[in-house]
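A short worksheet on the structure shown next.
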Amino acid sequence: GKHCENLFTAFGIRNSYTGNTLYYQSIPGFFILYFTGRMKGGRKMRGDDAAIYREIQKNAEMGIKAIETLTPKLSDDAFALQLSRQELKYSELRDKARQEMLEGRGETYQANGVSDLMLKGSIQANTLLNTSTSHIAEIMIKEENRGLTSMWKALNHFGNAGNASTELARELMDFEEESIEKLKKYL
C-alpha cells in the first residue's frame with residue numbers, strides 16, 4: 001500500500017502506473033519481487049453503471065424478500081419449488097451486481113427498512129384472507145412486473161452505462177419474464 005510506495009520512494013525506486021498495474025524497477029544490488037497483477041479496486045466505476053448495478057441489487061432484493069414472505073403461506077410443493085428456484089436466481093444476480101460494485105469501488109445498494117416493511121406489509125395484507133396458490137402467483141407476477149418496469153426505467157435513464165451492467169440488467173429482465181411465464185400456469 002502507501003507504506004510500500006513511501007519505502008520504495010525513499011530508496012529511489014521509480015514506479016510507473018500503467019492502467020491497473022503498478023511496476024517497480026529494482027535497486028541495483030537488491031532483488032525486489034513485487035506483485036504486478038491487477039490491483040483490487042483499480043478501476044473506478046462510471047455513475048451510470050453504478051446506478052444500473054444498484055437497481056439490479058434492489059430489484060433482486062425485493063424479489064428475494066417477497067419470496068421469503070410468501071414461502072410460509074405456500075401449500076403446493078411444485079409452486080414452492082418454483083419460487084425457491086427463483087429466489088436462488090435472484091440471489092445469484094444480486095451477488096453478481098454486488099461483486100461488480102465492489103470491484104469498481106462503487107457504493108452498493110443498501111436496503112431501506114421502510115420499503116422492506118411496506119413490501120412485507122403489503123404481501124401480508126394481500127394474503128390475509130386468501131393464500132391460494134393462484135392468488136400468491138398473481139402477487140408474484142405483479143412484483144416481477146414492477147421489477148421489470150423499474151429496470152426499463154433505469155436502462156432508459158442511465159443510457160451511458162457500459163455493456164457489462166446492461167447485460168446483467170437484461171439477464172435479470174429475461175429471468176423475470178421467464179418467471180412470469182412459469183407462474184402463469186399457477187393462476
Side-chain angles (χ1 to χ4, degrees), residues 43-74 76-127 132-187:
R43 62 180 169 90
K44 179 71 173 143
M45 184 169 288
R46 290 184 293 193
D48 283 7
D49 288 318
I52 295 293
Y53 284 129
R54 273 192 297 275
E55 189 62 34
I56 293 167
Q57 286 179 287
K58 176 184 162 194
N59 193 322
E61 280 291 330
M62 297 299 267
I64 291 166
K65 284 181 180 28
I67 292 169
E68 287 173 350
T69 306
L70 289 168
T71 298
K73 301 172 185 294
L74 300 176
D76 183 318
D77 289 342
F79 185 54
L81 182 61
Q82 172 62 33
L83 289 186
S84 292
R85 287 182 181 137
Q86 283 183 232
E87 184 178 11
L88 187 63
K89 183 65 175 180
Y90 274 127
S91 295
E92 177 189 314
L93 293 167
R94 178 202 56 203
D95 292 346
K96 281 183 184 178
R98 184 179 291 149
Q99 184 63 34
E100 287 294 325
M101 291 291 285
L102 292 173
E103 286 179 9
R105 298 182 303 168
E107 188 176 322
T108 60
Y109 169 74
Q110 299 297 319
N112 179 342
V114 174
S115 64
D116 288 353
L117 245 120
M118 287 176 56
L119 173 68
K120 289 178 181 180
S122 171
I123 289 172
Q124 295 294 354
N126 278 318
T127 56
S132 69
T133 300
S134 174
H135 184 64
I136 291 174
E138 183 180 349
I139 290 170
M140 279 304 298
I141 289 170
K142 286 179 183 177
E143 288 301 319
E144 289 181 340
N145 273 321
R146 190 173 299 140
L148 281 167
T149 301
S150 73
M151 283 309 310
W152 275 114
K153 283 182 181 178
L155 286 173
N156 289 338
H157 185 74
F158 300 106
N160 292 327
N163 286 341
S165 61
T166 56
E167 283 177 18
L168 189 58
R170 292 196 191 284
E171 183 180 343
L172 172 63
M173 293 165 66
D174 290 345
F175 161 68
E176 288 186 319
E177 287 172 352
E178 290 169 13
S179 296
I180 289 169
E181 288 304 312
K182 290 177 183 175
L183 291 171
K184 284 179 182 178
K185 74 178 184 181
Y186 294 101
L187 290 175

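This structure is a prediction, so every number in the text was calculated from the model and none was measured.
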With a 4.5 Å heavy-atom cut-off, do [X] and [Y] have their side chains touching?
{"X": "W152", "Y": "M173", "result": "yes"}
{"X": "R85", "Y": "L88", "result": "no"}
{"X": "R170", "Y": "M151", "result": "no"}
{"X": "E177", "Y": "E181", "result": "no"}
{"X": "Q82", "Y": "D76", "result": "no"}
{"X": "L172", "Y": "N59", "result": "yes"}

Nearest 0.5 Å please: distance from the [atom1] atom of [X] over to the [atom2] atom of [Y].
{"X": "L70", "Y": "T127", "atom1": "CG", "atom2": "OG1", "value": "6.5 Å"}
{"X": "S165", "Y": "I56", "atom1": "OG", "atom2": "CD1", "value": "6.5 Å"}
{"X": "T166", "Y": "I52", "atom1": "OG1", "atom2": "CD1", "value": "7.5 Å"}

When you check the gap from the basic side-chain N to the acidic O, do [X] and [Y] get nearer than 4.0 Å?
{"X": "E68", "Y": "K65", "result": "no"}
{"X": "E138", "Y": "K142", "result": "yes"}
{"X": "K89", "Y": "E92", "result": "yes"}

Between the side chains of [X] and [Y], does any donor sit under 3.5 Å from an acceptor?
{"X": "S150", "Y": "E55", "result": "yes"}
{"X": "E144", "Y": "Q86", "result": "yes"}
{"X": "E176", "Y": "Y90", "result": "yes"}

*Is it true that atom NZ of K73 has more than 12 heavy atoms of other residues, nucleotides or ligands lying nearer than 6.0 Å?*
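Yes, the 6.0 Å shell around NZ holds more than 12 heavy atoms from other groups.
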